[in-house]
Amino acid sequence: MSQLSEQEIVRREKLKEFERLGIEAYPAALYEVNATSKQILSTFKGEEGEAEWHVSIAGRIMAIRLMGKAAFAVLEDQHGRIQLYVSKNDLQRGEDSTLWDEVFKKLLDIGDFIGIKGKVFKTKTGETSIHVHEFTFLSKSLKPLPIVKEKDGEIYDSFSDPELRYRQRYVDLIVNQGVRDTFLKRTQIIKTIRDYLNEHGGIEVDTPVLQNIPGGAAARPFITHHNALDTEFYLRIANELYLKRLIVGGFEFVYEFSRNFRNEGMDRTHNPEFTVLEFYVAYKDYFWMMDFTEQLFEKIALKLHGTTDVPVGDNIVSFKAPFKRIGIIDAITEATGVDISAMNEDQLRELCKKHRLEVDATMGKGKLIDELFSELCEKKFVQPTFIIDYPVEMSPLTKKHRSKPGLVERFELMINGKEIANAYSELNDPIDQRARFEEQAKLMERGDDEAMFIDQDFLRALEYGMPPTSGIGIGIDRLCMLLTNQASIQEVLLFPQMKPEKQA
RNA sequence: GAUUCUGUAGCUCAGCUGGUAGAGCAAUACACUUUUAAUGUAUGGGUCUCGGGUUCGAAUCCCGACAGAAUCACCA
């Protein structure tokens, strides 16, 4: 604990004053609440003849404007802020004016929690307020909050240092109006998805985070150690292979909001732990999945914004289904003007070099095409677009295309120049799957540290037979960034990863 | 991981070419019974991120560390 500031000392001294007056600064008893700031503000009209409305509400004091024998204060509860009007007369108890002179005027600080009872009214200037006739101390705040002021939409003295905001998210949530709203939206997005999947027969499951073999994606994992087993485990990079095992087991529609962990760089679109929704539906293919996905996205946008047109940065993104669909080969051909469909690995490498893309010997045909696409095309897709039919080399878990040789039945959903979802007709041929894993093993030998491990148990499961299935992974954090119009992943994660704080 | 920028009061910031720190809000005291960035008067508050160096003298210049942001690389 570092040294206390002057203001912290003052607040601590007030605690002694509480004791002297016999008032509990941290009372144990519940406080009965029968209204919220939002309810009051949205229903009270202040018209003549309107019935008197006595409320009991609780929250944190965010401002005090003391004016002699009366005062205005601002109370913040979960739903918003409401103004309080307090006067000496109303807190007077016979001869005893302690509640006003001592408790309200001297001991109450910005940041303290109080409960109040009073009558709703409108002030001269027309602001709905509560005329307080009783107040109870609920919890004392010992640290001064940053004071953010606002007038006509203009913010003064904002609490804006990103480091402080993310490390002390609790303070950010208290003082910055709108931060709480972003996270409520995140919750609503997830709830909308969950409801939608449940309505369509989805079963929510939990699969292991600690895995022997980190499978289902190309990424570097975190490694941890189990003491009793004296074994290394990996934190999952994806849950795909486990969900498919459940399809083998007879579930026909499973989903999981999967916290995944990847030991890679951090920036404003990457956090070491992040959330992906994956779901798998038996007897479906990737065409069905595109239909289902665009319906889902349209529904989320409507639920959240009441419209399918969502502002994202400088653009308006339309989530109105159906979304555009284009083959990845066509997309690259369009961007480069060169038909790459018949090119071999060396020709592709040359093309990459021509566009000044970094390539090396470990990159196979699939990676080269991926490179071309993500460098030359990805950013162009602002409106939701399904990029479909990827080369087999870059999709080791995807079923071969039913009619296009060399391709697989896969799509990625691009929105605002970013990949938001990735889906396929799942590869369920165990012989083919084994061959694809062996390809990956070769890539690993060539030095690709993101190539997949061979998961023998997963192959064994497939050998028992998996129905034709379509599956998808949707990046929930990025979806939330889109729908809340945030440019940084840290704005949609309550506690984004940070380097450990140095203790003084 | 690389490059650039940033770190001064509880918060947001100022501090020119080196002379030992300032504003607004917040706090404290007083005044004010419908204010709303309330107002007025007065007061207090700082190991200038940390550690070295140059200098008579460093918030300021140099080196290093720590933390954050932006861009790039890797990736979702």
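Below, all heavy atoms of this structure are taken into account, side chains as well, without hydrogens, waters or symmetry copies. Labels below follow one simple rule: chain letters A, B, ... track the order of the sequence lines, proteins then strands, and each chain is numbered from 1.
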According to the side chain to side chain donor-acceptor pair (under 3.5 Å) rule, which pairs have a member within residues 215-224 of chain A, sequence neighbours left out?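 Every pair satisfying side chain to side chain donor-acceptor pair (under 3.5 Å) with a residue in residues 215-224 of chain A: A:Arg220-A:Asp449.
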
Verify stack between A:Phe72 ring and B:A38 base, 5.5 Å, 30 degrees: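 So no, this residue does not stack on that base, at least one cut-off failing.
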
Atom pair distance, as rounded to whole Å: [atom1] in [X] and [atom2] in [N]:
X: A:Ile110; N: B:A37; atom1: CD1; atom2: C1'; result: 12 Å
X: A:Glu378; N: B:C74; atom1: CD; atom2: P; result: 12 Å
X: A:Glu127; N: B:U34; atom1: CD; atom2: P; result: 15 Å
X: A:Glu264; N: B:C72; atom1: CD; atom2: P; result: 18 Å
X: A:Leu235; N: B:A76; atom1: CG; atom2: P; result: 18 Å
X: A:Asp267; N: B:U71; atom1: CG; atom2: P; result: 9 Å
X: A:Phe159; N: B:A26; atom1: CZ; atom2: C1'; result: 14 Å
X: A:Glu6; N: B:C11; atom1: CD; atom2: P; result: 14 Å

Could I get a table of every N or O pair under 3.5 Å where one atom is in the protein and the other is in nucleotides 30-33 of chain B?
unit_1, atom_1, unit_2, atom_2, d
B:C32, N3, A:Gly68, N, 3.1
B:C32, N4, A:Gly68, N, 3.2
B:U33, OP2, A:Lys69, N, 3.1
B:U33, O2, A:Tyr85, OH, 3.2
B:U33, N3, A:Asn89, ND2, 3.4
B:U33, O4, A:Asn89, OD1, 2.5
B:U33, O4, A:Asn89, ND2, 2.8

Check whether any side-chain N or O of [X] sits under 4.0 Å from OP1 or OP2 of [N], and answer yes or no.
X: A:Arg65; N: B:U35; result: no
X: A:Lys14; N: B:A27; result: no
X: A:Lys149; N: B:A37; result: no
X: A:Gln7; N: B:A9; result: no
X: A:Arg262; N: B:C74; result: no
X: A:Arg165; N: B:G68; result: no

Taking atom [atom1] in both [N] and [M], compute the distance separating them and give it to the nearest angstrom.
N: B:C66; M: B:C13; atom1: C1'; answer: 23 Å
N: B:G45; M: B:A9; atom1: P; answer: 15 Å
N: B:C32; M: B:U41; atom1: C1'; answer: 12 Å
N: B:G52; M: B:G40; atom1: C1'; answer: 50 Å
N: B:U12; M: B:U35; atom1: C1'; answer: 25 Å
N: B:U20; M: B:G15; atom1: C1'; answer: 13 Å
N: B:C48; M: B:U8; atom1: P; answer: 11 Å
N: B:U4; M: B:A21; atom1: P; answer: 33 Å

So, [X] and [Y]: side-chain donor and acceptor under 3.5 Å apart, yes or no?
X: A:Arg165; Y: A:Ser160; result: no
X: A:Ser258; Y: A:Glu256; result: no
X: A:Arg65; Y: A:Gln83; result: yes
X: A:Asn271; Y: A:Gln497; result: no

Below 4.0 angstrom, N of the basic side chain to O of the carboxylate: do [X] and [Y] qualify?
X: A:Glu163; Y: A:Arg167; value: yes
X: A:Arg169; Y: A:Asp172; value: yes
X: A:Lys122; Y: A:Glu127; value: no
X: A:Asp77; Y: A:Lys38; value: no
X: A:Glu134; Y: A:Arg93; value: no
X: A:Arg410; Y: A:Asp389; value: no

Where the side chain of [X] is defined as all heavy atoms beyond and including C-beta, which of [options] is the nearest nucleotide?
X: A:Arg167; options: B:U35, B:C13, B:G68; result: B:G68
X: A:Ser129; options: B:A76, B:U35, B:U12; result: B:U35
X: A:Val10; options: B:G68, B:A37, B:U28; result: B:U28
X: A:Pro162; options: B:U28, B:C11, B:A69; result: B:A69

Start at the 5' end of RNA chain B and walk down; is the nucleotide closest to A:Ile147 or to A:Ala63 reached first?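 The residue mapped nearer the 5' terminus is A:Ile147.
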
Base, sugar-phosphate alone, or nothing: which one does [X] contact when heavy atoms must sit under 4.0 Å apart?
X: A:Ser5; answer: sugar-phosphate
X: A:Gly475; answer: nothing
X: A:Glu150; answer: sugar-phosphate
X: A:Arg268; answer: sugar-phosphate
X: A:Lys122; answer: nothing

When you measure from every atom of RNA chain B, which of residues 170-180 of chain A have a heavy atom less than 4.0 Å away?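 Within residues 170-180 of chain A, no residue comes under 4.0 Å of RNA chain B.
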
How does RNA chain B look in dot-bracket form if you count Watson-Crick and G-U pairs under 3.5 Å, write [ ] for pairs that cross, and put | where a base pairs with another strand? (((((((..((((.....[..)))).(((((.......))))).....(((((..]....))))))))))))....

Is there a donor and acceptor pair closer than 3.5 Å between the side chain of A:Ser158 and the base of B:U12?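 Checked by distance alone, the answer is no.
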
For the side chain of A:Asn263 and the base of B:C74, is some donor closer than 3.5 Å to an acceptor across the two?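 In this structure, the two groups form no donor-acceptor pair.
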
Do A:Val492 and A:Arg478 come close enough that some side-chain heavy atom pair is under 4.5 Å?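 Contact flag for A:Val492/A:Arg478 side chains = no.
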
Decide yes or no for A:Ile174 and A:Met62: does some side-chain heavy atom of the first lie under 4.5 Å from some side-chain heavy atom of the second?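 A side-chain contact under 4.5 Å exists here.
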
Please confirm whether the ring centroid of A:Phe495 lies under 6.0 Å from the ring centroid of A:Tyr166.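 Ring-ring flag for A:Phe495/A:Tyr166: false, centres at least 6.0 Å apart.
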
What about A:Tyr196 and A:Phe292, are their ring centers closer than 6.0 Å?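 Between A:Tyr196 and A:Phe292, the centre distance is under 6.0 Å.
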
For A:Lys105, enumerate each residue passing the side-chain hydrogen bond (donor to acceptor under 3.5 Å, both in side chains) test, keeping only those at least two apart in sequence or located in another chain.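 Partners of A:Lys105 under the side-chain hydrogen bond (donor to acceptor under 3.5 Å, both in side chains) test: none.
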
Find every protein N or O atom lying less than 3.5 Å from an N or O atom of nucleotides 1-7 of chain B, and list the pairs.
none

As an exercise, state the distance from CG of A:Leu372 to CD1 of A:Ile332, rounded to the nearest 0.5 Å.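 So the gap between those two atoms works out to 5.0 Å.
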
Treating A:Arg436 as the side-chain partner and A:Ser395 as the backbone partner, does any N or O pair qualify as donor plus acceptor under 3.5 Å?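 Indeed, once roles are kept as given, a pair shorter than 3.5 Å links the two residues.
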
